[in-house]
Amino acid sequence: MRRQCALACAAVLTLIASLLVAASPAQAAVGLRVSGRNIVEANGSVFVIRGTSHAHTWYTSQTSSIANIKAKGANAVRVVLSGGRWPANGPSDVANVISLCKASKLICILENHDTTGFGEQSGSVSLDAAVDYWISLQSVLTGEENNVIINIGNEPIGNNAVTPGWTQATSAAIQRMRTAGFQHLLMVDAPNWGQDWSFTMRDNATTVAAADPQRNTVFSVHMYGVFDTAAEITSYLNAFQTAGLPLVIGEFGFNHSDGNPDEDTIMSEAQARGIGYLGWSWSGNGGGVEYLDQVTNFNPNQLTSWGTRLFNGANGIASTAVECTMCGGGQPTDTTPPTTPGAPTASSVTSTGASLSWTASTDSGGSGLAGYNVYRSNGTQLGTSTTNSLALTGLTPSTAYTVYVRARDGAGNLSGNSSSVTFTTSAAPSDTTAPTTPGTPTVSGVTSSGASLSWTASTDSGGSGLAGYNVYRSNGTQLATTTTNSATLTGLSANTAYTVYVRARDGAGNLSANSSSVTFTTTGGTSGGCTATGTVQSQWGNGYVVQPVTVTNGTTARTSWTVTFTLPSGHTLSGSWNANVTVSGQTVTATNMGYNGTLGSGASTSFGFQVSRPNGNTATVSSYTCA
């Protein structure tokens with residue numbers, strides 16, 4: 001997880017550009033730029049980054065990923081490049097990447113990965129060397145200021161001290177970029193492998209921002225195991241908000257080797273504050289973090305549980321991303337803003353949300369009314385809507401909010417500010433009572449990469465209400481979240497045993513105890529062997545039927561098969577069909593009948609059985625071994 005990118009101006013304009021910077025720094029920036037804490041386009045439209053990263057430097061043939069990321073709803077893509085630490089990406093390659101981003105109407109965040117872990121990881125390079133790389137690309141970056149953000153260097157310092165330190169090295173890199181003539185919005189990553197646990201970026205961001213003569217730098221923090229609690233996340237974001245500095249969450253995941261980041265809080269807080277975020281990463285991860293793939297094998301039709309959460313979950317990309325208004329570099333032909341909306345009214349105010357509505361605007365410029373932006377009085381964008389109402393979420397309890405609305409049209413023109421309304425959120429619920437423990441999950445629909453789970457619902461008596469469930473693997477890895485008592489797992493490994501359990505969560509964040517576990521084995525992934533998966537067809541208080549148990553052969557033809565499974569404690573086999581069955585203790589061995597033992601390559605057959613169990617017991621058989 002590392003990145004960098006840059007844009008350049010033609011050599012003939014370098015001297016002129018530097019003179020303009022010196023004479024009028026605030027006006028020198030063109031294209032995408034910083035305005036207060038926001039990123040805005042050249043026409044003034046606020047742009048909130050919602051996207052993911054694509055490991056282009058290692059997978060240069062996977063250029064279709066850019067359009068596929070757009071199709072999932074993103075408005076930006078962070079593209080991994082290298083100047084030589086990995087396969088180098090030269091001017092023609094980078095020009096093609098930019099053209100693909102423009103064709104998909106995506107803001108292209110280019111990042112140089114060569115700086116990753118400088119001072120700690122062998123082969124990494126300094127930010128100064130990264131600037132050399134951007135200068136080598138100047139001919140294809142110049143003129144793309146509307147479409148490209150340059151992330152100078154990914155995770156530019158590890159956990160070891162280096163000289164010069166982060167503040168000095170980052171300030172110098174920014175100034176070299178400006179001296180070279182770059183007019184682009186620049187993005188700078190934090191040290192500590194991007195996670196800034198030492199707060200070096202947080203505490204020195206004002207100094208670095210001032211080092212940019214164009215005041216056109218946005219700061220990027222990467223949130224993994226360091227940010228595993230809501231308190232750590234909100235505290236860090238509050239620091240930048242208080243300082244009035246622009247921040248994006250340049251990388252984050254749902255799990256990591258250094259801990260379990262709180263992705264729900266990361267996404268909800270980013271949405272509430274109008275902060276951009278970029279998940280890591282589309283596909284192709286290795287080195288033990290393959291679980292961070294958002295799609296399997298670059299196939300956009302195979303979203304993993306992490307991809308489903310990022311793109312389609314609460315505060316996810318699909319529901320919050322707003323497309324850039326000037327992608328492709330063209331100027332809008334409509335320059336007439338919509339009329340000013342009516343004053344908003346607030347209703348259904350809770351500790352973390354409120355509903356707003358207002359009188360609609362009209363648009364006469366020709367591009368049509370596109371929607372509305374809702375802002376806090378300090379200019380922070382709280383949300384967007386395509387209708388004249390919006391449900392705000394992720395607000396802070398016991399806090400006064402003064403908000404106003406601006407209409408936007410299809411060309412990105414913004415109306416005047418509506419009159420403001422002030423409301424105060426209620427106090428946070430004092431709920432410390434966890435929900436009851438969910439029932440043991442049952443498994444169905446097992447495939448080579450997924451399975452469906454369901455369980456008896458929990459109840460919540462603490463007052464904040466049942467919010468949903470988290471599904472975990474036995475090692476603590478979170479596989480899915482859901483608001484109902486069922487979940488569809490995706491992105492699993494073939495021919496692999498998974499032992500999973502469920503925890504309920506309430507509106508105050510309390511988690512129930514772990515449910516009992518269930519074990520199942522995904523299909524496929526074998527050569528000469530075989531696999532077996534069972535489906536619970538029906539069940540009642542003191543029994544259940546498993547039908548079918550599907551036996552699938554590998555690549556080598558066979559004339560017999562044997563499937564073994566273990567009955568839960570207290571369960572007894574009461575019948576079977578299409579197999580010869582023997583029982584030893586709780587272990588059941590099923591072998592083929594004379595008519596279903598011969599299986600060709602990839603062929604399948606099935607059998608079934610019935611089990612009696614103690615009344616009220618909800619466990620079922622779910623793990624099978626085939627030989």
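Quick caveat: nothing in here was measured; it's all calculated off a predicted structure. Residue numbers run from 1 in the order of the sequence given.
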D189 side chain to S220 side chain, donor-acceptor N/O pair below 3.5 angstrom: yes

Which atom of A190 lies closest to which atom of P156, heavy atoms considered: O-CD, 3.4 Å

Side chains of Q183 and R33, donor plus acceptor under 3.5 Å: no

Worked check of side-chain contact (heavy atoms from CB on, under 4.5 Å) between I266 and I249: CA-CA 8 Å; I266 291 170; I249 300 165; 3.6 Å; yes

Worked check of salt bridge (charged side-chain N to carboxylate O under 4.0 Å, His left out) between K102 and E144: CA-CA 10 Å; K102 291 166 66 175; E144 300 293 351; 3.2 Å; yes

Gap between atom CD1 of I174 and atom OG1 of T179 - 0.5 Å precision: 11.5 Å

Worked check of ring pair (Phe, Tyr, Trp, His ring centres under 6.0 Å) between F252 and Y224: CA-CA 6 Å; F252 73 104; Y224 293 105; 8.2 Å; no

Heavy-atom donor-acceptor pair, T52 side chain to G279 backbone, under 3.5 Å: yes

Side-chain donor-acceptor contact under 3.5 Å, E232 with T229: yes

Side-chain donor-acceptor pair present, W282, Q62, cut-off under 3.5 Å: no

Student check: side-chain heavy atoms of E41 and N146 closer than 4.5 Å: no

Shortest non-hydrogen contact between K72 and A318, atoms and distance: O-CB, 3.8 Å

Residues in ring pair (Phe, Tyr, Trp, His ring centres under 6.0 Å) contact with F118, at least two apart in sequence or another chain: none

Shortest non-hydrogen separation from L245 to A209 and the atoms involved: CD2-CB, 4.0 Å

Side chain T447, main chain G450, donor-acceptor under 3.5 Å: yes

Exercise: identify the closest heavy-atom pair between A272 and G394: CB-O, 3.5 Å

Donor-acceptor pair, side chain of S104 and main chain of L106, under 3.5 angstrom: no

Option passing side-chain contact (heavy atoms from CB on, under 4.5 Å) with F47 (candidates I107, V322, N38): I107

Residue pair N285 / S281, side-chain donor-acceptor N/O under 3.5 Å: yes

Side chain proximity check, D262 to F227, heavy atoms < 4.5 angstrom: no

Donor-acceptor contact below 3.5 Å, side chain S171 vs main chain Q168: no

Straight-line distance of Q241 CD to E269 CD, nearest 0.5 Å: 9.0 Å

Whether F254 and Y291 hold their rings parallel, tilted or perpendicular, with breakpoints at 30° and 60°: perpendicular

Closest non-hydrogen atom pair, A270 against Y277: CB-CD2, 3.7 Å

T477 side chain near N260 side chain, heavy-atom distance below 4.5 Å: no

Stepwise side-chain contact (heavy atoms from CB on, under 4.5 Å) check, W86 with L81: CA-CA 8 Å; W86 291 285; L81 301 177; over 6 Å; no

Between D128 and S126, a side-chain donor and acceptor under 3.5 Å: no

Backbone N/O of V295 and side chain of S283: donor-acceptor pair under 3.5 Å: yes

From CA spacing to verdict: side chain to side chain donor-acceptor pair (under 3.5 Å), T499, S474: CA-CA 5 Å; T499 300; S474 57; 4.8 Å; no

Contact check, side chains of V77 and I109, non-hydrogen atoms, under 4.5 Å: no

Any side-chain donor near an acceptor of the partner, T481 and N470, under 3.5 Å: no

D212 and T217 side chains, donor-acceptor separation under 3.5 Å: yes

Under 3.5 Å: donor-acceptor pair, side chain of D93, backbone of N89: no

Donor-acceptor pair, side chain of Y472 and main chain of V500, under 3.5 angstrom: no

Nearest-0.5 Å distance that lies between atom CG in L278 and atom CD1 in I49: 5.5 Å

Would you tabulate the side-chain donor-acceptor contacts of residues 302-317 under 3.5 Å, counting partners in other chains and residues two or more places apart, or write 'none'?
unit_1 : atom_1 : unit_2 : atom_2 : d
T304   : OG1    : D293   : O      : 2.7
T304   : OG1    : Q294   : O      : 3.3
T304   : OG1    : W306   : N      : 3.4
T304   : OG1    : G307   : N      : 3.1
S305   : OG     : L479   : O      : 2.7
W306   : NE1    : W280   : O      : 2.9
W306   : NE1    : L292   : O      : 3.4
T308   : OG1    : T304   : O      : 2.9
R309   : NE     : D264   : OD1    : 3.0
R309   : NH1    : A314   : O      : 2.9
R309   : NH2    : D264   : OD1    : 2.7
R309   : NH2    : A314   : O      : 3.3

Nearest-0.5 Å distance, CG of residue L186 to OG1 of residue T170: 11.5 Å

N297 atom CG: more than 12 heavy-atom contacts under 6.0 Å: no

Side chains of C108 and N147 in contact at under 4.5 Å (non-hydrogen atoms): no

Rounded distance (nearest 0.5 Å) linking atom OG of S65 with atom NE2 of H56: 10.5 Å

Closest contact, heavy atoms only, L247 versus L237: CD2-CD2, 3.6 Å

Spatial distance of atom CG (D132) from atom CG (L137) [nearest 0.5 Å]: 11.5 Å

Residue pair L453 / V471, side-chain heavy-atom distance below 4.5 Å: yes

Distance under 6.0 Å and angle within 45° of ring axis: R37 vs F240: no

Trace of the side chain to side chain donor-acceptor pair (under 3.5 Å) decision for N43 with S45: CA-CA 6 Å; N43 59 14; S45 299; 3.0 Å; yes

Side-chain donor-acceptor contact under 3.5 Å, R473 with N255: no

Pairs touching residues 194-210 that satisfy side-chain hydrogen bond (donor to acceptor under 3.5 Å, both in side chains), sequence neighbours left out: N159-W197, N192-S198, Q195-D258, D196-Y236, S198-T200

Audit row: V248, F219, side-chain contact (heavy atoms from CB on, under 4.5 Å) steps and yes/no: CA-CA 6 Å; V248 299; F219 296 89; over 6 Å; no

Modelled atom types, side-chain donor and acceptor of T116 and E155, under 3.5 Å: no

Side-chain heavy-atom pair R50, V48 within 4.5 angstrom cut-off: yes

Residue pair Y498 / T522, side-chain heavy-atom distance below 4.5 Å: yes

